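Presented below is the structure to which this report refers.
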Amino acid sequence: MADAVFDIIERLLKGEDLAPQEYETLIRERTPETQRLLRQKADEARRRVYGNKVYTRGLIEISNYCKNDCLYCGIRRSNRACTRYRLTEEEIEECCRTGYGLGFRTFVMQGGEDPYFTDEVLTGIISQIKARYPDCAVTLSLGERSRESYRALREAGADRYLLRHETADAAHYRKLHPPEMSFENRMRCLRDLRELGYQVGCGFMVGSPEQTPATLAQDLKFIECFKPDMCGIGPFIPHRDTPFAQEAGGDAAFTCYLLSIVRLIHPPVLLPATTALGTIREDGRQMGILSGANVVMPNLSPAAQRWKYELYDGKLHSGDEAAESRDKLAAHIAQIGYQLVMDRGDVKHII
Ligand code: SF4
């Protein structure tokens with residue numbers, strides 16, 4: 001079997017498409033040796049496209065109200081223990097002003113699917129940010145919306161949209177989401193975003209309940225076909241007030257293995273070393289970067305609200321996670337041989 005794995009790796013390195021069964025073999029046959037090899041090759045691939053740069057995005061968590069009830073999520077609508085908040089337009093503007101002063105040139109507005117943020121409200125906020133900071137990119141991560149809504153937000157100036165697909169296996173999707181949410185609609189959203197000219201990010205959790213090597217292989221195949229501009233991959237971490245409270249969490253090394261594979265499938269992808277990875281291991285972010293990640297997203301939200309955006313237990317919101325600690329984060333990244341940069345860091349299409 002070992003030879004079969006190395007044959008698959010060789011084809012991956014040549015940029016060939018793989019069958020889902022081959023991705024599954026790559027996952028099932030993970031050894032310290034394959035992990036080391038893929039990490040090294042992923043690092044080389046990333047350096048060919050982006051050098052040793054690690055891009056920075058300023059994350060603004062605009063609301064933890066959500067009309068949805070995803071089973072894994074700490075801010076799901078059924079969680080009565082969640083302390084809800086919503087930033088005002090002035091608070092969002094204040095976050096951007098602070099972030100711009102700190103050098104950030106991408107603002108990521110993330111939130112639950114909060115009905116308060118209508119197209120009218122959001123287009124007002126986006127156009128104001130773009131008018132004040134024309135050299136900045138605006139990324140949205142606000143869940144599923146209609147094509148018309150995505151179009152209005154794009155026309156107002158939004159450049160990028162992050163929408164994790166969570167799992168590319170429809171049956172697995174149904175196990176993670178309530179019946180009113182559908183895999184088909186999630187895929188429709190991603191297609192619409194791409195067609196409307198956004199730089200699009202998808203992504204998934206590693207170790208989510210009932211995930212298997214076969215479902216993960218579908219995720220990798222999806223990434224190979226869709227070729228996202230960004231891809232958020234972090235370990236699943238259970239939240240105490242969700243139906244998955246007693247489930248086991250994801251593993252850092254396995255997450256890093258998948259980061260390396262995704263980098264090799266699509267070398268230009270912008271790949272964050274996620275907060276979740278930094279939450280389960282103190283050196284998680286560094287591990288992620290060494291495995292092929294090249295983006296970090298420190299938190300620019302008002303300090304008093306950060307703890308409330310608790311998607312999973314123990315989510316970090318201070319230290320390297322905090323935008324104010326940018327210099328410390330830069331030093332940690334420099335220690336492992338990479339350079340934190342603050343420019344817009346758009347996806348590069350040419351390898
Ligand atoms: S994962 Fe997103 S859409 Fe689902 S409940 Fe949480 S915030 Fe809402």
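The figures that follow rest on heavy atoms only: side chains count, while hydrogens, waters and symmetry mates do not. Owing to the predicted nature of the structure, the values given are computational and were not obtained by experimental measurement. Whatever order the structure lists ligands and atoms in, that order sets their numbers, starting from 1.
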Do side-chain atoms of [X] reach the backbone of [Y] as a donor and acceptor pair under 3.5 angstrom?
| X | Y | result |
| --- | --- | --- |
| Tyr312 | Ala276 | yes |
| Arg306 | Asn299 | yes |
| Arg57 | Met297 | no |
| Thr25 | Gln21 | yes |

Problem - Minimum-distance protein heavy atom relative to atom 2 (Fe) of ligand 1 - result: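 Minimum-distance protein heavy atom for atom 2 (Fe) of ligand 1 reads Cys66 SG, 4.6 Å.
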
Handout entry: Identity and distance of the protein heavy atom lying nearest atom 6 (Fe) of ligand 1
Key = Cys73 SG, 2.3 Å

Practice task
Closest by any non-hydrogen atom to atom 3 (S) of ligand 1: pick that one out of Thr242, Asn68, Asn64.
Solution key: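 Result: the heavy atom closest to atom 3 (S) of ligand 1 is in Asn68.
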
Handout entry: Ile75: numbered ligand 1 atoms lying under 4.0 Å from its heavy atoms
Key =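 Atoms satisfying the 4.0 Å criterion: 7 (S).
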
Practice task
Mark up the atoms of ligand 1 that fall under 4.0 Å of a heavy atom belonging to Gly112, in ascending order.
Solution key: 7 (S)

Exercise for the section: For the pair Tyr50 and Tyr55, name the ring-plane relationship: parallel under 30°, tilted 30 to 60°, perpendicular over 60°. Expected result: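 Because their plane-to-plane angle is over 60°, the rings of Tyr50 and Tyr55 count as perpendicular.
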
Practice task
Please say which of Asp159, Asp229, Asp346 ends up in a side-chain hydrogen bond (donor to acceptor under 3.5 Å, both in side chains) with Gln199.
Solution key: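 The side-chain hydrogen bond (donor to acceptor under 3.5 Å, both in side chains) with Gln199 is passed solely by Asp346 among Asp159, Asp229, Asp346.
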
Exercise for the section: Pick one of side chain, backbone, both or neither for how Leu311 approaches ligand 1, counting any non-hydrogen atom pair under 4.0 Å. Expected result: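 It is neither part, as no heavy atom is under 4.0 Å.
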
Exercise for the section: Give a yes/no answer: is there an N/O/S atom of Cys70 under 2.8 Å from atom 4 (Fe) of ligand 1? Expected result: yes

